[in-house]
Amino acid sequence: MGTIKSGTFRSLAIRNYRIWAGGAIVSNVGTWMQRTAQDWLVLTALTNNNATAVGIVMALQFGPQIFLLPITGMAADYLDRRKLLIATQAIMGLLGLGLGLLTLTGLVQLWHVYVFALLLGCVTAFDGPARQTFVSELVGDTDLSNAVALNSASFNAARMIGPAVAGVLIAGVGIGWVFVINAITYLAVIASLLHLRVQDLNRGKRAARTRGSLVEGFRYVWSRPDLKALFMMLFLIGTFGLNFPIYISTMSVTTFQVGANEYGLLSSTMAIGSVSGALLAARRARPRMSYVLSGAGIFGLGCMLAAVSPNYWVFGVVLVVLGIAAQTFNTTVNSTVQMSTDATMRGRVMAIYMAIALGGTLIGAPFVGWVADVFGPRWSLGVGAAAGVLAMIVGLRYLFKYRALGVKLVQFRVQFSLDGHEVQLREQRRRQARVQAK
């Protein structure tokens, strides 16, 4: 166990985290199977290769992250997260089963997919912040960065397995059974939540219910220049860059003209890079802003290369690079936000994080789908490239501005023992010292 405690997989030495991780990987595989099957259903069975329709489904599925933001953040801060997750996972499983039955009976229509995507988005809006912050209860703050990275590795390992399995099942038994199997996989994560040792959870101080607590999370983020910069970068890449269901499906069907198996293989290929990026992040002792910048820059470059890929195989190789860059960016932002946020505010701040990371799809996915339909899939990748470059510029501007003030926080060595208020006090003291010196 010595290597586990000090290495890439050290969080697995904690019993509760091992149980949770085991259930999560099964459920994550099912989730990616459903996403792949859903995109294929909309693109090939319910429309005539209409990328805009795929974008609308993504927007409906992720849009509720924005509209339910204040409520979902408060739920994660005030409610028992384990019980909340049991409820959300159960409902998500039932929704997958419902869509599967509609598809198997041949009754499914495009508006059905829209409705199920919206309902799933509403439940996911509550599930996301609770799931993200529940990790700190499983491992504590010491191993939080490692556990976040391992969660990302699990999610992206599932991305590597799920689409490939979905492609085989779509060709073999049909799309409907993919949805039904996904519904069954939710039983694994529910079982893991029920078997946790509740007494071993690291439950910190709960936030006090006060007037104005709904907007307190926004005030907290607004008072933190580092969080504002990170969230702006996340908005750019999350909204206009991370639209891979559109990129991969339209490039597969329109540009390279391949079938379901090859389409699933491309999604899995990108996941190889994502898993690699997450495992690299797990090895690091702490996240640094330099990784956020490099992730954004390489992501932009990768989208440019993907846009000009001459054939299916070159495109697949570039997707590996894109997976590493995207995962480096996402994992580092996630860890940085959680580790530098006060525990009593973490749920509300992570709700804002989730709203930006997923809710931006409400704007970006229809737009990127429209670009793919009107100008071609390669131009839609150009939108992602521009997003990566702009995000890197935002990060560099933040770096140079606060380095000029001498703030150690932005010298890419974040002091996670300090919360946001203490960082502000340091800035104030530094400025006061300069005034006194004059």
Side-chain angles (χ1 to χ4, degrees), residues 20 22-47 53-54 56-65 68 72 75 82-128 130-131 134 154-155 157-159 161-195 245 249 260 263-264 267 358 361:
W20 161 261
I25 183 65
V26 175
S27 180
N28 286 338
V29 170
T31 297
W32 279 108
M33 287 171 58
Q34 169 142 336
R35 288 189 182 183
T36 304
Q38 180 177 272
D39 293 339
W40 196 253
L41 173 68
V42 171
L43 197 65
T44 64
L46 300 180
T47 69
V54 177
I56 292 172
V57 171
M58 291 176 63
L60 290 170
Q61 191 163 319
F62 299 126
Q65 300 281 346
L68 298 176
T72 57
R82 186 180 72 94
K83 293 180 180 178
L84 178 59
L85 287 171
I86 291 173
T88 57
Q89 294 291 309
I91 297 171
M92 291 160 75
L94 290 174
L95 289 173
L97 179 62
L99 184 57
L101 293 176
L102 277 175
T103 306
L104 286 173
T105 56
L107 299 174
V108 67
Q109 298 179 33
L110 184 59
W111 72 268
H112 291 145
V113 180
Y114 288 163
V115 170
F116 274 90
L118 178 61
L119 293 174
L120 182 62
C122 292
V123 181
T124 303
F126 286 91
D127 182 84
R131 180 163 35 86
F134 187 60
S154 169
F155 187 73
R159 178 188 285 182
I161 300 168
V165 174
V168 173
L169 289 175
I170 290 170
V173 297
I175 296 172
W177 283 109
V178 179
F179 297 142
V180 173
I181 293 170
N182 170 58
I184 296 172
T185 64
Y186 281 102
L187 296 175
V189 71
I190 293 172
S192 71
L193 288 164
L194 292 173
H195 283 82
S249 62
Y263 164 62
S267 296
L358 300 179
T361 307

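Just so you know, residue 1 is the first one in the sequence shown, and it goes up from there.
Atom-to-atom distance recorded for H112:NE2 and L46:CG is 10.0 Å, nearest 0.5 angstrom. Atoms CG and CD1, on L118 and I56 in that order, are 13.0 Å from each other to the nearest 0.5 Å. One distance of note links CD of Q89 with CG of L193; it measures 7.0 Å at 0.5 Å rounding. In this structure, CE on M92 lies 12.0 Å from SG on C122, to the nearest 0.5 angstrom. Between atom CG of residue L60 and atom CZ of residue F116 there is a gap of 13.5 Å, rounded to the nearest 0.5 Å. A distance of 12.5 Å separates CG in L85 from NZ in K83, rounded to the nearest 0.5 Å.
Taking every heavy atom of both residues into account, P163 and A158 meet most closely at CD-O, 3.7 Å. Between I25 and S154, the shortest heavy-atom distance links the atoms CD1-O, 3.3 Å. Across all non-hydrogen atoms, the minimal contact from A125 to L68 is CB-CD1, 4.1 Å. Closest heavy-atom contact between A53 and V42: CB-CG1, 3.7 Å. Contact record, T88 with V123: O-CG1, 3.5 Å, taken as the closest heavy-atom pair. Annotation for G162 and M33: closest pair O-CG, 3.3 Å, computed over non-hydrogen atoms.
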Please walk me through it: do N182 and R35 pass side chain to side chain contact (heavy atoms under 4.5 Å, CB included)? CA-CA 10 Å; N182 170 58; R35 288 189 182 183; over 6 Å; no

Does V189 form a side chain to side chain contact (heavy atoms under 4.5 Å, CB included) with V26? I'd like the steps, not just the answer. CA-CA 7 Å; V189 71; V26 175; over 6 Å; no

Could you walk me through whether Y186 and T31 pass the side chain to side chain contact (heavy atoms under 4.5 Å, CB included) check? CA-CA 9 Å; Y186 281 102; T31 297; 3.9 Å; yes

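Remark: Y114 pairs with no residue by the ring-ring contact (aromatic ring centres under 6.0 Å, His included) rule, at least two apart or across chains. The ring-ring contact (aromatic ring centres under 6.0 Å, His included) check on F179 picks up nothing, with sequence neighbours excluded.
By the 4.5 Å heavy-atom criterion applied to side chains, T185 and V29 are not counted as neighbours.
At least one donor-acceptor pair under 3.5 Å links the side chain of W32 to the backbone N or O of F155.
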